[in-house]
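Heads up: the structure comes next, in structure tokens.
Ligands are counted one by one from 1 in listed order, and the atoms in each one are counted from 1 as well. All values below were derived from every heavy atom in this structure, side-chain atoms included, with hydrogens, water molecules and symmetry-related copies excluded.
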Amino acid sequence: MQIKQIKNNIIDTLQDIYSKDELQSFARIISEHIIKKPYAYILANSDDVLDDYQQEEFANIINKLKQENPIQYILGEMEFYNINLFVEQGVLIPRNETEELVDWIIKDNQNKQDLNILDIGTGSGCIILSLSKALNPNSAKAVDVSNNALKIASKNANLNKLNIEFSKTNILNTKPSFFDKKFDIIVSNPPYVKESEKLLMKNNVLNYEPELALFVDDNNPLIFYDRIAKLASKILKPSGYLYFEINEALGKETVELIKKYGFADVVLRNDINDKPRMIRAKK
Ligand SMILES: C[S@@+](CC[C@H](N)C(=O)[O-])C[C@H]1O[C@@H](n2cnc3c(N)ncnc32)[C@H](O)[C@@H]1O
């Protein structure tokens, strides 16, 4: 098979399962992954023929995509806000909205020195790693209840040569005294999808991504925001900031809940698709 046939092969075999945009993006990511060259090289050498190893790798990737396995798990790597991340089943695949949250935090804090940052529910480590790289903080701490997540986040910290203190913590029953620091920034993208919203979700999420990272009980969908805002009210420095990614359907309720814990300046922000997806609150 020639390089230039990759795209059509992807479209022919997967068009019943994926959208046009998804197929387009697969063609690029898969070509770069298999040929291990930048896309400009791939376009300029599209008549080249794949060797046996590359051909076999391509066939394996297509088979897994047919089973709706997420492309990021199949390839085991992805980019997030200028850092390379290793991802595998057992950890949430970082989303574009989360990059927007990270961008907000960096723009707010880029001129500050000696920051102490805490990331709650770190998953792959995407938030704390990208913040650490951009803000060069005095200390960076990240917690998660999942062993898988902590293992992968540590691996990603090593890959990116960033010094993060990881710790296994169930944030729903952690006392403020567990944290010996006063933080300048606390950030969290906690589980926020209601069980009832499962119906709207695609198989590639439901069959492969960790439930623990996604879902909350319909009867108490803001449980993580409640616990984390309460905790943050005690362990943030005066004028420190709490940042959240949120469920777009629960913006107003989440703002009200945060205000209950004495945060004065609470800002709800829309993402690039004009959906309310993030909050900043000042202590
Ligand atoms: C929505 S994911 C976010 C992962 C990552 N921060 C990101 O933005 O891609 C939520 C994370 O919270 C973790 N988590 C779930 N329950 C938790 C708990 N009780 N205490 C601490 N972390 C928890 C999950 O393991 C998961 O990694």
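- Summary of contacts: the protein heavy atom closest to atom 19 (N) of ligand 1 is Asn170 OD1, 2.7 Å.
- Which parts of ligand 1 touch Thr169 is read off a 4.0 Å heavy-atom cut-off, strictly below it: atoms 20 (N), 21 (C).
- Side-chain polar atoms of Asn109 and Tyr241 form no donor-acceptor pair below 3.5 angstrom.
- Other residues, nucleotides and ligands place no more than 12 heavy atoms under 6.0 Å from the CD atom of Gln113.
- For atom 3 (C) of ligand 1, the nearest non-hydrogen atom of the protein is Asn189 O, 3.1 Å.
- In this structure, Tyr73 has its ring center at least 6.0 angstrom away from the ring center of Tyr208.
- Each of the following atoms of ligand 1 lies closer than 4.0 Å to a heavy atom of Ser146: 25 (O).
- When heavy-atom distances to ligand 1 are checked against a 4.0 Å cut-off, Pro210 has no atom that comes that close, whether in backbone or side chain.
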List the steps, then state whether salt bridge (charged side-chain N to carboxylate O under 4.0 Å, His left out) holds for Lys112 with Asp184. CA-CA 10 Å; Lys112 299 183 188 162; Asp184 302 283; over 6 Å; no

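- Closest to atom 16 (N) of ligand 1 among all protein heavy atoms lies Phe224 CZ, 3.5 Å.
- If you look at Tyr192 next to ligand 1, there are no close heavy atoms at all, none under 4.0 Å.
- At a heavy-atom cutoff of 4.0 Å, ligand 1 is contacted by the backbone of Thr122 but not by its side chain.
- Contacts with ligand 1 closer than 4.0 Å are made by side-chain heavy atoms of Cys126 only, the backbone lying farther away.
- Using a 4.0 Å heavy-atom cutoff, Ile127 is listed among the residues neighbouring ligand 1.
- The shortest heavy-atom distance from Ser124 to ligand 1 is not under 4.0 Å.
- Geometrically, ligand 1 and Asp144 share a nitrogen or oxygen pair separated by less than 3.5 Å.
- The protein atom (non-hydrogen) at minimum distance from atom 1 (C) of ligand 1 is Ala213 O, 3.0 Å.
- Among protein heavy atoms, atom 22 (N) of ligand 1 sits closest to Val145 N, 3.3 Å.
- Residue Ile171 has at least one nitrogen or oxygen atom sitting less than 3.5 Å from a nitrogen or oxygen atom of ligand 1, judged on distance alone.
- Applying the 4.0 Å criterion to heavy atoms of Thr98 picks out, from ligand 1, the atoms 8 (O).
- Salt-bridge check for Glu32 with Arg28: passed, with a basic side-chain N closer than 4.0 Å to an acidic carboxylate O.
- In summary, the side chains of Lys168 and Asn147 do present a donor paired with an acceptor at a separation below 3.5 Å, with no hydrogens or angles considered.
- Of the N and O atoms on the side chains of Ser139 and Asn116, at least one donor lies less than 3.5 Å from an acceptor on the other residue.
- A distance-only check finds a donor-acceptor pair linking the side chain of Arg227 to the backbone of Leu172 [under 3.5 Å].
- In this structure, the protein non-hydrogen atom closest to atom 15 (C) of ligand 1 is Leu212 O, 3.3 Å.
- Counting only N and O atoms by type, the side chains of Glu197 and Asn247 include a donor and acceptor under 3.5 Å apart.
- Between Gly121 and ligand 1, an N or O atom pair is found at a separation short of 3.5 Å.
- Between Asp226 and Tyr261, the closest side-chain pair of non-hydrogen atoms falls below 4.5 Å.
- Side chain to side chain, Tyr225 and Glu253 fail the donor-acceptor criterion of an N or O pair below 3.5 Å.
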